[in-house]
There are 4 protein chains.
Amino acid sequence: MSSTEPKPQRADARRNRERIVEAARDVFAEAGLQAQMDDVARVACVGVGTVYRHFPTKAALLGELMATKFRQHAEVARRWAAQTDDGWDAFEGFLRETFAAMARDATLQQRMNWTQDGDAVARAEAERQILSGVVGELIERAQAQGRMRPTFAVQDVPALMCAVGAVMAARESAPIDADRFVEFVIDGLRA
Amino acid sequence: MSSTEPKPQRADARRNRERIVEAARDVFAEAGLQAQMDDVARVACVGVGTVYRHFPTKAALLGELMATKFRQHAEVARRWAAQTDDGWDAFEGFLRETFAAMARDATLQQRMNWTQDGDAVARAEAERQILSGVVGELIERAQAQGRMRPTFAVQDVPALMCAVGAVMAARESAPIDADRFVEFVIDGLRA
Amino acid sequence: MSSTEPKPQRADARRNRERIVEAARDVFAEAGLQAQMDDVARVACVGVGTVYRHFPTKAALLGELMATKFRQHAEVARRWAAQTDDGWDAFEGFLRETFAAMARDATLQQRMNWTQDGDAVARAEAERQILSGVVGELIERAQAQGRMRPTFAVQDVPALMCAVGAVMAARESAPIDADRFVEFVIDGLRA
Amino acid sequence: MSSTEPKPQRADARRNRERIVEAARDVFAEAGLQAQMDDVARVACVGVGTVYRHFPTKAALLGELMATKFRQHAEVARRWAAQTDDGWDAFEGFLRETFAAMARDATLQQRMNWTQDGDAVARAEAERQILSGVVGELIERAQAQGRMRPTFAVQDVPALMCAVGAVMAARESAPIDADRFVEFVIDGLRA
DNA sequence: AATGAATGAGACTTCATTCAT
DNA sequence: AATGAATGAAGTCTCATTCAT
């Protein structure tokens, strides 16, 4: 599934891998993408070498973080798609849930949105396309049922996500703002 | 004016300063925030030392770039505010014109994650507040006249701008997409 | 025998040891001294830990490789010494045979600059001295019989061997060149 | 001429460059090719950054060292070629002088002979070919005049040089040995 | 005031070696 | 005994900033 390290064998290795990913999430959220691999290692309580054993480059680690996000969003989209035949309801549900999730992970979201590291982006490309596919179907369905603006397109979804990140960057009271913000978006997209 | 270098003395110094700012715009648009001060200097056809004479740190240079943008947007907002008494029309005009300007400057928007460099952001804070003030008045007026959602707030404006940047990052056909995107936003914000 | 691991206990341990030495020969021939212990382990189909069980350090492994070479050359020298009473003939035979053997093992000769790793050299010192002793006798005998330049000395033998390595490094057609080269040497050393 | 940095402008920059090259010569002679760039910088009394300003990589610095050697040898060969019409005398002169020079710089010679770093070798390739050309002419002339073995070829020259390095590695009394060694070689190559 | 060479802290990554399983 | 994951010191190189010319 993941673009790196399909299945770590040993239990302790897998545990380490998870600790590293969690540490990376915290560290990059805290200090931005320019945080160092040594910091990630320290927070994960492992040596740098271990970080590099699991992720061959910093970009790979960053990519895994992005890929995880994409996978989670895709999962949400799939769940909503299965839950109702109404395309708009499904899309709205996906949007609200995803925004809420992003709000909970606000800082990282903000840091990540604009990743300059082309290599990291490339490593999450597969997951990004999957997400695009799932959300694209939601959009098409909603538009076919005449409940969504026909001019909206999948490519606009990242823009919404970025906007969510920006709202969060502007204020501390993230959850409230995200809730408020999602209403504008939904009203703007309805047919 | 800018937070740095209130009044340049010599004519050639002023000319250098301008060349540096232009070079910075080009270079950061091309290569993103990780572009080097040496690159800026080379493109500006001056030594690095000269760049540092005008801007004491990289963050200061970046800050000046942001401040310039803020000043331009504030100028647009002021013009629309003077042009019509209808708050919503003024806001809509401001939004369309600003989005269009950002679309024209797409590469820079794409490449730069301004919020990444906290120090640079801080240095453009004054200009940001001025912009906030002007746009805030537009919003209040439009809301007082009952033509804008009362839940929209100035703090949400950066989110919209970020979203515009994201639309551009997602596609090459930037101008078209920005036009399309502004419609969603306007419909989402109308009362 | 070797300076490490005087008597391997188990049959499988001995087999492992051999596999490691062979793997090391291949890997170092391929990639030079900068080849990694992990590579040796992988080629030998054992874990790194096993490599370290047999050879406490990389230098020890390298030393064993050198020692093996020295032992083989000494064996050749001994055989020629026993075969004829004519010192020069014995020396010439030894030289031709050794050069030919080195030519056959050209890649390793090319890739490995044995003398670079002082520690490895130290670990093969015993074998080197033995080889020196045997060859020294050959030389003395040839000189006593007036058939070899009296100024030639055992210490010059490594120089010849190094030269053979260099001939190989310079060309692909190693065997031919080595043959050609040995003639110069022999003519240069004859009284 | 050099493969890197054709002409440093400033006097102090050129002085630094020379100091770096000298330091590199000492440091690599002392500690082998695995000596660190930081060491070179320290011995040259400059920052590492300065070393990297003059030589973009370690391989480039190593390459320059090799190139310098090749240039010096070529210079010697040219001088002898111009000095006498007798090809053999010229070659013998070149050989004796070069061997003596190598003896004076024995340790570096030894370290360098076997450089594994393909990149460094590549960077001195141009100079190596020039040297080959000049020496090749010497050899051809000597062979045409019937005074040198017809089977000797330019490609064998590196072998001789390597051998000189090896003689030196084997003993401390380098100059003496080199003198003794050159006699064997000369006798071996004469027709 | 301008230049660009110099600086050096700090970033990423490697790899010989150790040690828990 | 064997395994291979973990370790972390050490190495190469970068780049914002300073400073002699």
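Chain letters run A, B, ... following the sequence lines, proteins first and then strands; every chain starts at 1.
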Could you check how far [atom1] of [X] sits from [atom2] of [N], rounded to whole Å?
| X | N | atom1 | atom2 | result |
| --- | --- | --- | --- | --- |
| D/Y52 | E/dA9 | OH | C1' | 15 Å |
| C/R42 | F/dT3 | CZ | C1' | 15 Å |
| C/F55 | F/dA2 | CZ | P | 13 Å |
| A/I20 | F/dG8 | CD1 | C1' | 14 Å |
| A/Q36 | E/dG10 | CD | C1' | 7 Å |
| D/F28 | F/dG11 | CZ | C1' | 12 Å |
| D/D12 | E/dT3 | CG | C1' | 12 Å |
| A/Q34 | F/dT14 | CD | C1' | 15 Å |

Minimum-distance nucleotide to [X] side chain [options: [options]]:
| X | options | value |
| --- | --- | --- |
| D/R53 | F/dG11, F/dA1, E/dG4 | E/dG4 |
| C/T57 | F/dA16, E/dT17, F/dA2 | E/dT17 |
| A/V48 | F/dT12, E/dA9, E/dT13 | E/dT13 |

Check your understanding: Which part of the nucleic acid does A/V46 contact within heavy-atom distance under 4.0 Å: base, sugar-phosphate only, or nothing?
Key ->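 Here A/V46 touches the backbone only, sparing every base.
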Check your understanding: Which part of the nucleic acid, if any, lies within reach of A/A35 when heavy atoms closer than 4.0 Å are counted: base, sugar-phosphate only, or nothing?
Key ->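 Here A/A35 touches the backbone only, sparing every base.
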With side chains defined as the heavy atoms from C-beta onward, is the minimum distance between [X] and [Y] less than 4.5 Å?
| X | Y | result |
| --- | --- | --- |
| C/K69 | C/L108 | yes |
| A/L62 | A/F55 | no |
| B/L61 | B/M37 | yes |

Only pairs with both distances under 3.5 Å count, Watson-Crick or wobble alike; so what is the partner of [N] in this structure?
| N | result |
| --- | --- |
| E/dA1 | none |
| E/dG10 | F/dC13 |
| E/dT17 | F/dA6 |

Tell me whether the OP1 or OP2 atom of [N] has a side-chain N or O from [X] closer than 4.0 Å.
| X | N | value |
| --- | --- | --- |
| A/N16 | F/dA6 | yes |
| D/T50 | E/dA5 | no |
| A/H54 | F/dA6 | yes |

Review point. Does C/R25 pair with C/E22 as a salt bridge, N-O distance under 4.0 Å?
Key: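 No, this pair does not count.
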Point to revise | Lys/Arg-Asp/Glu bridge criterion (N-O < 4.0 Å) met for B/R123, B/D119 | key: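 B/D119 and B/R123: salt-bridged.
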Check your understanding: Within a reach of under 6.0 Å around CD of A/E30, are more than 12 heavy atoms found that belong to other residues, nucleotides or ligands?
Key ->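 12 or below, so no.
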Check your understanding: For B/C45 and C/L33, take the nucleotide of DNA chain E holding the closest heavy atom to each; which residue's nucleotide lies nearer the 5' end?
Key ->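 Final value for this comparison: B/C45.
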Check your understanding: If you find the nucleotide of DNA chain E closest to A/D38 and the one closest to C/M37, which residue's nucleotide is nearer the 5' end?
Key ->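 The 5'-side residue here is A/D38.
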